[in-house]
Amino acid sequence: MPELPEVETVKRGLRRLIVGKTIQAETHNNAKSFPNPPGDVKAFLVGAKVKDVRRRAKVLLIDLSTGYTLVIHLKMTGQMVYRGKEVFGAGHPNDSLIGKLPDKSTRVGLTFTDNSHLFFNDQRKFGWMRLMPTTEVPNTEFMKKVGPEPLEDAFTPKIFIQRIRRRANTTIKAAILDQTVLAGIGNIYADESLWGAKIHPAERVKDVPDSKLKTLHKEIRFVLNLSIEKGGSTDRNYVNAEGKKGSYIDFARVFRQEGKDCPRHPGVTIIKTRVAGRGTHTCPVCQVLKLA
DNA sequence: CACTTGACCTGTCCGC
DNA sequence: TGCGGACAGGTCAAGT
């Protein structure tokens with residue numbers, strides 16, 4: 001999915017666009033995408049005013065005046081796209097991937113009382129949204145076990161090293177993708193930060209010295225901050241709340257750069273392999289797997 | 001318990 | 001052009 005920078009970008013857009021608006025109507029066409037019973041929708045969603053939009057890990061939280069929160073996970077192909085007078089629709093000369101909405105991958109539609117709309121689009125139907133009492137959100141299994149936010153001050157190198165050492169025998173890539181170690185890293189920023197720290201993704205955590213983990217901690221924060229600045233990564237179909245693409249991919253050093261030169265080593269080609277079951281991009285010169 | 005693999009879906013791309 | 005297979009940014013349940 002959308003990883004931390006993409007969800008953060010959507011959150012910031014929605015904050016600007018929908019806070020203060022009142023939901024007038026809801027439609028959905030797929031029970032998996034929005035499993036709440038119709039009674040919940042009528043009692044806690046329709047007629048509610050949007051109080052705030054938050055993010056924890058890769059989860060988007062829309063707090064409502066009814067004391068309920070819309071909890072949303074975009075997974076691989078989810079999009080939350082707003083259409084209203086603040087945002088131009090199809091035909092506007094921006095780089096939008098979104099044409100006329102709703103379309104065939106629209107799973108949920110919300111209409112506000114000013115006749116603007118918020119669409120939950122999700123081609124692969126892995127994503128979901130659900131209503132629950134705001135006070136219950138921190139008590140969900142996911143929220144109880146998810147790791148720290150990597151961009152908060154409390155996420156020190158010491159905390160990172162302490163938490164990742166629990167995954168001693170797995171690969172470093174699998175460990176940083178593990179949401180219980182730290183929140184928000186996905187395949188793009190795993191590859192980008194490991195290249196930054198000059199660590200081979202298949203290295204076992206126990207074989208990575210603290211000094212390297214400290215560098216990795218710094219690189220994780222660097223790539224996540226840079227990506228937020230660029231509005232996230234659009235590799236396939238990610239778009240922000242206005243339906244626009246992110247531009248981090250233009251700055252990517254290894255992700256989706258197979259066949260191109262490593263920025264550190266002109267003439268050395270970035271290769272694509274498979275680590276932790278995921279497509280993995282590395283420079284064969286900067287990232288050497290130590291043979292135990 | 002730690003770790004790995006397959007399943008969940010739809011769409012696209014690549015080779016034959 | 002058509003068809004089969006691999007692959008795609010995430011997470012979990014089930015397996016070893």
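Numbers restart at 1 for each chain; the letters A, B, ... are given by sequence-line order, proteins then strands.
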message: Can you identify which nucleotide, out of B:dG11, C:dT11, B:dT4, has its nearest atom closest to the A:H73 side chain?
response: C:dT11

task: May I ask you to say whether A:R165 pairs ionically with A:D210, meaning some side-chain N is under 4.0 Å from a carboxylate O?
output: yes

query: If you check the A:K32 side chain, which of B:dC8, C:dA8, C:dT11 turns out closest?
result: B:dC8

- request: Could you tell me whether A:K230 atom NZ has more than 12 heavy atoms of other residues or ligands within 6.0 Å of it?
  value: yes

- request: Compare all side-chain heavy atoms of A:I199 with those of A:Q287 and state whether any distance is below 4.5 angstrom.
  value: no

- prompt: Are OP1 or OP2 of B:dT4 and a side-chain N or O of A:R274 less than 4.0 angstrom apart?
  reply: no

message: With side chain to side chain contact (heavy atoms under 4.5 Å, CB included) as the test, pick out the partner of A:Y238 among A:V7, A:T9, A:L74.
response: A:T9

task: Please check the phosphate of B:dC9 (OP1 and OP2 only) for any side-chain N or O of A:T77 closer than 4.0 Å.
output: no

- request: Looking at every strand, decide which applies to A:A276 at a 4.0 Å heavy-atom threshold: base, sugar-phosphate, or nothing.
  value: nothing

message: Between the base of B:dC8 and the ring of A:F126 - centre-to-centre under 5.5 Å, planes within under 30° - is that a stack?
response: yes

query: Is the distance from OP1 or OP2 of B:dC3 to the nearest side-chain N or O of A:N169 less than 4.0 Å?
result: yes

May I have the list of side-chain donor-acceptor pairs in residues 151-158 of chain A shorter than 3.5 Å, sequence neighbours left out?
{"residue": "A:T156", "atom": "OG1", "partner": "A:I159", "partner atom": "N", "Å": "3.2"}

- request: Start with the C-alpha gap between A:N139 and A:K144, add the side-chain angles, then the distance that decides, and say whether side chain to side chain donor-acceptor pair (under 3.5 Å) holds.
  value: CA-CA 6 Å; A:N139 302 327; A:K144 280 194 285 190; over 6 Å; no

message: I want to check one thing: is the phosphate of B:dT10, taken as OP1 and OP2, less than 4.0 Å away from some side-chain N or O of A:K104?
response: no

message: I'd like to know whether NZ of A:K51 has more than 12 heavy-atom contacts from other residues, nucleotides or ligands below 6.0 angstrom.
response: no

- prompt: Whole-Å distance between C:dC7 P and A:R256 CZ?
  reply: 12 Å

task: Could you tell me whether A:E149 and A:R56 have a side-chain N and a carboxylate O separated by less than 4.0 Å?
output: yes

message: Taking the P atom in each of B:dC9 and C:dA14, what is the distance between them to the nearest angstrom?
response: 15 Å

task: Return the nearest nucleotide to the side chain of A:K145; candidates are B:dC9, C:dT11, C:dC12.
output: C:dC12

query: Considering only heavy atoms from C-beta outward, does the side chain of A:P5 approach that of A:S233 to under 4.5 Å?
result: no

message: Using a 4.0 Å heavy-atom cut-off, does A:D235 contact any base of the nucleic acid, only the sugar-phosphate backbone, or nothing at all?
response: base

- request: For A:S233, report the nucleic acid contact type (base, sugar-phosphate, nothing); a contact means any heavy atom under 4.0 Å.
  value: base

statement: Here DNA chain C, pairs taken as Watson-Crick or G-U under 3.5 Å and shown with ( ), [ ] when crossing and | when to another strand, reads .|||||||.|||||||

Separation between the P atoms of C:dC7 and B:dT5, rounded to whole Å: 14 Å

field: Spacing of the P atoms in B:dT12 and C:dT11 (rounded, Å)
entry: 24 Å

- request: Could you check whether A:G186 gets within reach of a base, just the sugar-phosphate, or nothing at all, counting any heavy atom under 4.0 Å?
  value: sugar-phosphate

Please produce a list of atom pairs where a protein N or O lies less than 3.5 Å from an N or O of nucleotides 12-15 of chain B.
none

task: Indicate, with a heavy-atom threshold strictly under 4.0 Å, whether A:G279 touches base, sugar-phosphate, or nothing.
output: sugar-phosphate

message: Nearest to the A:Q179 side chain among B:dC9, B:dC3, C:dT11, which nucleotide is it?
response: C:dT11

message: Quick check on B:dC8: is either OP1 or OP2 less than 4.0 Å from any side-chain nitrogen or oxygen of A:R124?
response: no

message: With a cut-off of less than 4.0 Å, is there a side-chain N or O of A:K272 near OP1 or OP2 of C:dA8?
response: yes

query: Under 4.5 Å between any side-chain heavy atoms of A:L194 and A:T280, yes or no?
result: no

Heavy-atom side-chain contact between A:T140 and A:M132 under 4.5 Å: yes

message: Any N or O donor-acceptor pair under 3.5 Å from the base of B:dA2 to the side chain of A:R166?
response: no

- line: Winner on side-chain proximity to A:F142, out of B:dT10, C:dC12, B:dC3, is C:dC12

